Number of protein chains: 2
Amino acid sequence: MAVTVKNVALHAGVSTATVSRVLNDDPGIRPATRSRVIESIKITGYRMNKAARSLKTSRTGTVGLLVPELVNDFFMTVAEGVEDILRTEGYGVILCNANEDVRYEADRISLLIEQCVDGVIIIPTSSEGSHFSSLSDAGIPVVMVDRMVNGFKADAVLADNINGAYSAMQNLISTGCRRFGFIGGSQELSNFRERFEGFKRALSDYGIPVEKDIIKFGNVHIDSGYNLMKELMSEANPPENVFIANYFLQVGATKFLIENSSAKTASIHIAGFDDMSLSSILGFSSITVSQPMMEMGRKAAEMLLERIEEQSALASAPPPPRLVRLKTTLIKH
Amino acid sequence: MAVTVKNVALHAGVSTATVSRVLNDDPGIRPATRSRVIESIKITGYRMNKAARSLKTSRTGTVGLLVPELVNDFFMTVAEGVEDILRTEGYGVILCNANEDVRYEADRISLLIEQCVDGVIIIPTSSEGSHFSSLSDAGIPVVMVDRMVNGFKADAVLADNINGAYSAMQNLISTGCRRFGFIGGSQELSNFRERFEGFKRALSDYGIPVEKDIIKFGNVHIDSGYNLMKELMSEANPPENVFIANYFLQVGATKFLIENSSAKTASIHIAGFDDMSLSSILGFSSITVSQPMMEMGRKAAEMLLERIEEQSALASAPPPPRLVRLKTTLIKH
DNA sequence: CTGTTAGCGCGTTCAA
DNA sequence: TTGAACGCGCTAACAG
C-alpha cells in the first residue's frame, strides 16, 4: 500500500488536515510546521492520490483533447499548444483519437465523462455536434478548435479562413494571375467552407468568373488531393494557378504532378493552406496561408481554463459562448 | 450533483450493492433484478464516477503514453497502435509530451504517478532511464518502445534495426553499389546506434571500406539532415549512395538536394528509414526500410496489459523483462 | 494556527 | 440472491 497523508501526518506529528493544508499551499500555517511536514513528505516518499482528491473536490486535474486523428501535423501542433498551457497549470491531457468517425467520437466522449475530466477541447471530426451535448449535460466545459458544428453551442477557436484564403488570392491576382482552379475538402466542414468562401469572394471582387469545371471537392486527405489534381489536369483547359485548401490535399496534388510531369503540369503554381515543416520541399508551391496552429491550441486551453474557473467559482448561469478568430499570415516562396 | 449508484438503487428499489454488482457483471444476480437495474441506469442517466472506483480498486483504467514530441508521424503512428488496443479494453490514454527534454520527461512521469495510471508506455527521449524507476517504485508497469535506455530495466518493443539497415545495404550492394555515405542520428540513442551497426556490418561483410569522411552524425531532425547532407556534398569526393537513418533526416537531406541541385546532387540515391505517407514524394529515394510502427504500438499495449493483469493477479515476483524485436520490411521505389 | 470529524461514490465483506 | 455497513485517501467545515 502506498504512503498516504496519514503516514505523513504521523511522521510529522501533526494531523492529516495540516498535511493537506501544506499540500494545497494553504497560507495559514506556521512556517516551522510547514517545513516539518514538507520534510516528512520527502522522507516518506509521499505522493498524492489524485483519485481520492477528485472524489472530494470533483475536479480531476485532467482535460480531454479529442482529435480526428493522431498522425496529422496540424492537429498535433494544436495539441502541443494545448499541452503547453495545460502542463504549466498542472493539468494532465487525455488525448483521444476519434478516428474520423462520429461513432468513435461519441464513444470517446463517454470515456472522458466517466474519467471525470474537468474540461474538453475538441477538434470536431464532422459537422455533427449533437453528441457533444452530453458533456454540457455533465457540466463539463467544451472548447472547439478549427471547426464549428451544428447542433451544439460552445466556445470556439478558429482561424480566419475567409480572409486567409482571400488574401492569398488577392496576392496572386496582384501578380497578374486571372484564372484559378480550386481543390477543397468536404464542404460539410466549416473551415473548408470558409476557405472556399474566401476564394469565391476574391474572384467576385476582382471580376473573375467562377469556372465550375476547375473547382473540385473531395475529403481532406492525400489520396483525395492526388485524385482531384488528376481530374483538374484532365480538363480541357486546366488552370495554371490552383488554390488548395489544406496541406494534405496539397501533398497529394503535388504527388500527382511529380508522377505525371508534362508541359501542362510544369507551369502549375499552387497556393496552399497550412505551413508545415515539410511545406518547403513541396514543389509547385508559390504561396501559403499559414494558420497559427500552436497559438490556436494555446488559446483554446486558456479559454477552457477560464471556463473551469468560472464554473468552480460562481454558480450563476455561465456567459454565452465565445468565438475567437485567429489571423493567418501569408508566406511567399 | 451527478447521479450516483445511490440514485439508481433508489430508482430500482434495490441496494447500492446490487447496482454495483450489475455494473461489474457479477454473475450471481437474478436476471429480472439485473434488467430492472439496467433500466434504471438508463432512465436516470447514470455514469460511473471512475475516481470513486479507483479509490476502492486502486486501478484507474488509464495508462500513460510518454513520447518525445507530438508533431512526429512516427511517434503518433505508434500512438495510434497503442490507442487502438487500449481503447477496446476500455482504457483511456494520457498522452504526455516530453518535449525532447529529460527534465520534462521526469516531470511528466511524476504527473502520471499522481494520476495513478495503471501502466506507462514510454518512447524514451534520451538514453537516460534512471528517472523511470520511480514508476517501478510506485508499482506501475512500464513498457518501452523504439529505444532502450541505461539505468532501467523493463519490457521493450523494438524494431530490428540492425537487420533492417543491413538488408537495405545488402540490396543496394546487390545492384552494384560499392560506396556509401551515412547520415545518422545521435549515437546516444539505441535505435540509431543499431542502424549504424547494421550499416557497418554490411560494409564489412562485403569488404567495403568504411570512409569516415562520408559518415555524418547529428540529431534526429530535419535541420540536421539538411546540414549533414550539405557537409557530405562538400566533401572532396561525395558518395552517390547515402544511407539515412530516419525519415526526418531524409526530409532535411532531400531539401538540401532540391535547393542545391547540380551535377553532383543529381546522381544521389538515398536509402532511408521509415515509410511515411509523404515518403513517396521525396525525390532521390531508392529504397526504404519500413518499421511496423502501428504494430509496435499494439504490441507494447498488449505487453502492458499483460503486466497489469499479472500484477493484479499474483503477488509474487514478476517475470523478468521481455524484449520483443519486430521485423522491418524493405520497400523499393 | 491546528485538530477533529464527516463524507465524496464506489466495491466489498458479512449476514440474512 | 440481496442488503447493510464499512472504508479507500483526501479535503472542507467547524471547533478549539
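Sequence lines set the chain letters: A, B, ... in the order given, protein chains first and strands last, and positions in each chain run from 1. Owing to the predicted nature of the structure, the values given are computational and were not obtained by experimental measurement.
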Under 3.5 Å, is there an N or O donor on one side and an acceptor on the other linking the side chain of A/Arg21 and the base of C/dG3?
yes
Separation of atom [atom1] in [X] from atom [atom2] in [N], rounded to whole Å:
X	N	atom1	atom2	value
B/Leu55	C/dG7	CG	P	16 Å
B/Arg36	D/dT2	CZ	P	8 Å
A/Asn24	C/dT2	CG	P	15 Å
B/Lys6	D/dA4	NZ	C1'	12 Å
A/Asp26	C/dC1	CG	C1'	10 Å
A/Ile41	D/dC10	CD1	P	10 Å
A/Arg53	D/dC10	CZ	P	10 Å
B/Tyr46	C/dG11	OH	P	6 Å

From the set C/dT2, D/dG9, C/dG9, return the single nucleotide nearest to any side-chain atom of B/Thr4.
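That would be C/dG9.
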B/Thr62 and A/Gln115: CA distance, side-chain angles, deciding distance, side-chain contact (heavy atoms from CB on, under 4.5 Å) verdict
CA-CA 9 Å; B/Thr62 56; A/Gln115 297 285 0; 3.3 Å; yes
So what does B/Val19 hit on the nucleic acid, given a heavy-atom distance under 4.0 Å: a base, only sugar-phosphate, or nothing?
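Nothing, no heavy atom under 4.0 Å.
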Take atom CZ in A/Arg322; do more than 12 heavy atoms of anything else shown fall under 6.0 Å from it?
yes
